[in-house]
Amino acid sequence: MESQNQINTLIEDIYSAALTTDDPTPLLGRIAGYLGYEVCTLTTARSRYTQASCNASWGMDPAICERAEREFAASFTCTKLNGREVRAGDFGFFEEYIAGVDLRSLPVYHEVVVPHRLQEGVKICLEHSPERTIFINFMRPVPRADRDGQRGIVTTMTAHWARATQIFLKLGQVDMLRQAYTETANLAPFAMVIFDNTGSVYLANSRAEQSLRSDGLALLHDGMHAALDGEHQRLQRAIRAAIASSNSGGGQFAAADLCISRPSGRRSYQVLVTPMSPATQRWGQRPAAAVAVFDPDEE
């Protein structure tokens with residue numbers, strides 16, 4: 001029972017790690033120690049977008065692992081498991097990927113494997129797709145390691161680890177998309193603020209953050225504020241109406257076009273408020289209304 005509790009805790013930690021950008025090295029070390037290995041590496045052996053890399057390493061300099069992949073394509077000798085193409089969620093001991101005689105004939109064996117005592121171990125495939133190939137490698141077993149016990153533990157953990165990897169990759173795509181949206185919004189020659197479906201500020205471009213500080217219109221932590229009460233109320237009604245239109249997915253909503261006075265005497269801001277297209281998925285935070293602020297004195 002205690003052993004199963006330890007495995008369950010490690011599985012929970014694997015899922016938790018997929019939801020963060022924290023360094024996974026300590027977790028790799030705990031899993032390696034539990035399995036009975038001195039070395040563990042997380043390797044992107046192939047990617048459409050980057051060079052091969054060692055994403056994390058326990059018990060060995062990651063530069064050694066990275067050199068093995070970049071100079072010798074070490075993991076490309078391990079894309080077949082017991083004679084068939086490896087899939088995400090598969091694992092095997094090294095000899096199940098490549099026969100010892102074949103491994104000893106490769107340059108990587110003499111340049112990397114032997115000097116660092118990496119002849120034995122187990123390799124888990126977390127991803128093998130047209131996009132990328134990712135492996136977890138456990139190497140250098142401790143004396144008298146129980147291989148049957150190792151196989152049982154890895155069998156329990158591998159499907160969860162592959163699933164957690166997919167979660168991590170998807171979340172990374174979401175983060176990159178949001179960063180792309182932000183950088184694109186910063187290219188606009190006017191201030192732009194996006195509100196989410198609850199009325200909170202979802203995104204503000206750099207021009208909005210720099211210029212909307214006073215003089216009739218300010219961007220604060222709780223939204224946009226006009227200095228004159230009547231104009232402020234009209235602005236809030238327009239934003240609420242745009243969000244409601246987006247949330248309901250109803251008919252077309254005519255964008256609101258407002259003028260916001262400026263105490264400095266400069267020409268009024270021209271403010272356009274418009275709903276954003278309703279999401280096909282109606283749960284969670286999403287952009288719902290856009291506010292564009294044009295300063296006629298800066299055009």
Side-chain angles (χ1 to χ4, degrees), residues 3 5-75 78 86 88-91 94 108 112-113 115-118 120-129 131-142 145 150 153-180 182-183:
S3 177
N5 288 339
Q6 287 180 281
I7 294 174
N8 290 341
T9 297
L10 290 174
I11 290 171
E12 290 175 4
D13 291 344
I14 288 169
Y15 280 115
S16 296
L19 303 177
T20 73
T21 56
D22 295 343
D23 181 7
T25 303
L27 175 59
L28 297 183
R30 286 198 290 120
I31 297 173
Y34 184 68
L35 280 172
Y37 286 96
E38 295 180 355
V39 173
C40 180
T41 63
L42 171 59
T43 302
T44 299
R46 176 190 57 82
S47 171
R48 287 180 58 189
Y49 314 106
T50 62
Q51 286 184 286
S53 62
C54 181
N55 306 103
S57 177
W58 174 269
M60 188 174 73
D61 184 348
I64 297 170
C65 173
E66 204 155 90
R67 175 174 177 251
E69 297 298 338
R70 292 187 179 183
E71 292 188 24
F72 303 106
S75 290
C78 301
V86 70
D90 286 344
F91 78 91
F94 286 1
V108 69
V112 178
V113 174
H116 301 285
R117 297 184 291 117
L118 308 177
E120 295 183 68
V122 63
K123 181 182 284 286
I124 301 172
C125 181
L126 299 180
E127 171 80 357
H128 187 51
S129 69
E131 298 292 306
R132 61 186 69 81
T133 301
I134 302 174
F135 285 112
I136 290 283
N137 305 287
F138 293 98
M139 297 169 285
R140 204 183 297 158
V142 300
Q150 291 171 337
I153 294 168
V154 176
T155 298
T156 301
M157 295 176 59
T158 295
H160 294 284
W161 213 336
R163 192 174 302 121
T165 299
Q166 290 303 307
I167 293 171
F168 178 80
L169 294 172
K170 291 295 184 184
L171 290 177
Q173 290 175 343
V174 171
D175 186 61
M176 285 187 289
L177 283 173
R178 178 147 187 175
Q179 182 65 29
T182 300
E183 293 182 6

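Worth knowing before you read on, the calculation uses all heavy atoms, side chains too, and leaves out hydrogens, waters and symmetry mates. Being a predicted model, the structure only gives us computed values, none of them experimental.
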(request) For the residue pair Y34 and I153, establish whether any side-chain heavy-atom pair is separated by less than 4.5 Å. (result) yes
(request) Determine whether the side chains of T44 and Y49 contain a donor N or O and an acceptor N or O closer than 3.5 Å. (result) no
(message) Is there a side-chain contact between T41 and M139 in this structure, where contact means two heavy atoms from C-beta onward sitting under 4.5 Å apart?
(response) yes
(message) Is any side-chain heavy atom of Q173 closer than 4.5 Å to one of L171?
(response) no
(message) Show the nearest heavy-atom pair for residues W161 and I31, with the distance to one decimal.
(response) CH2-CD1, 3.6 Å
(message) Less than 4.5 Å apart, side chain to side chain, heavy atoms only: is that true for I124 and F138?
(response) yes
(request) Would you mind reporting whether C40 and I136 have side-chain heavy atoms less than 4.5 Å apart? (result) yes
(message) With a 4.5 Å cut-off on side-chain heavy atoms, are Q150 and V122 touching?
(response) no
(request) May I have all residue pairs that pass side chain to side chain donor-acceptor pair (under 3.5 Å) and include part of residues 9-18, sequence neighbours excluded? (result) D13-R30, Y15-H160, Y15-R163
(message) I'd like to check S75 versus E69 (side-chain heavy atoms, cut-off strictly below 4.5 Å). Are they in contact?
(response) yes
(message) Return the OG to CD1 distance between S57 and I64, rounded to the nearest 0.5 Å.
(response) 8.0 Å
(request) Heavy atoms only: give me the nearest T25-D23 pair and the separation to one decimal. (result) OG1-OD1, 2.7 Å
(request) Would you mind reporting whether V112 and L118 have side-chain heavy atoms less than 4.5 Å apart? (result) yes
(request) Measure the CD1-CG distance between I134 and L126 for me, rounded to the nearest 0.5 Å. (result) 6.5 Å
(message) Tell me the closest heavy-atom pair linking A145 and P141, and the distance in Å.
(response) CB-CB, 4.1 Å
(request) Taking all non-hydrogen atoms of both residues into account, name the closest pair between R140 and H116 and its distance. (result) NH2-O, 2.8 Å
(request) Check A164 against A18 and note the closest heavy-atom contact, atom names and distance. (result) O-CB, 3.3 Å
(message) Would you compute the distance between atom SG of C65 and atom CG of N137 and round it to the nearest 0.5 angstrom?
(response) 6.5 Å
(request) Work out which heavy atom in E66 is nearest to a heavy atom in S53; give both atom names and the distance. (result) OE2-CA, 3.3 Å
(request) Ignoring hydrogens and angles, state whether a donor on the side chain of Q166 or E127 is under 3.5 Å from an acceptor on the partner side chain. (result) yes
(message) Rounded at 0.5 Å granularity, tell me how far CD1 in I7 sits from CG in L35.
(response) 8.5 Å
(message) I'd like to know whether F94 forms a side-chain contact (heavy atoms from CB on, under 4.5 Å) with K123, so could you lay out the CA-CA distance, the side-chain angles of the two residues, the decisive distance to 0.1 Å, and finally the verdict.
(response) CA-CA 7 Å; F94 286 1; K123 181 182 284 286; 4.0 Å; yes
(request) Compute whether any side-chain donor of one residue and acceptor of the other, for R46 and T133, lie under 3.5 angstrom apart. (result) yes
(message) Rounded at 0.5 Å granularity, tell me how far NZ in K170 sits from CG in D175.
(response) 15.0 Å
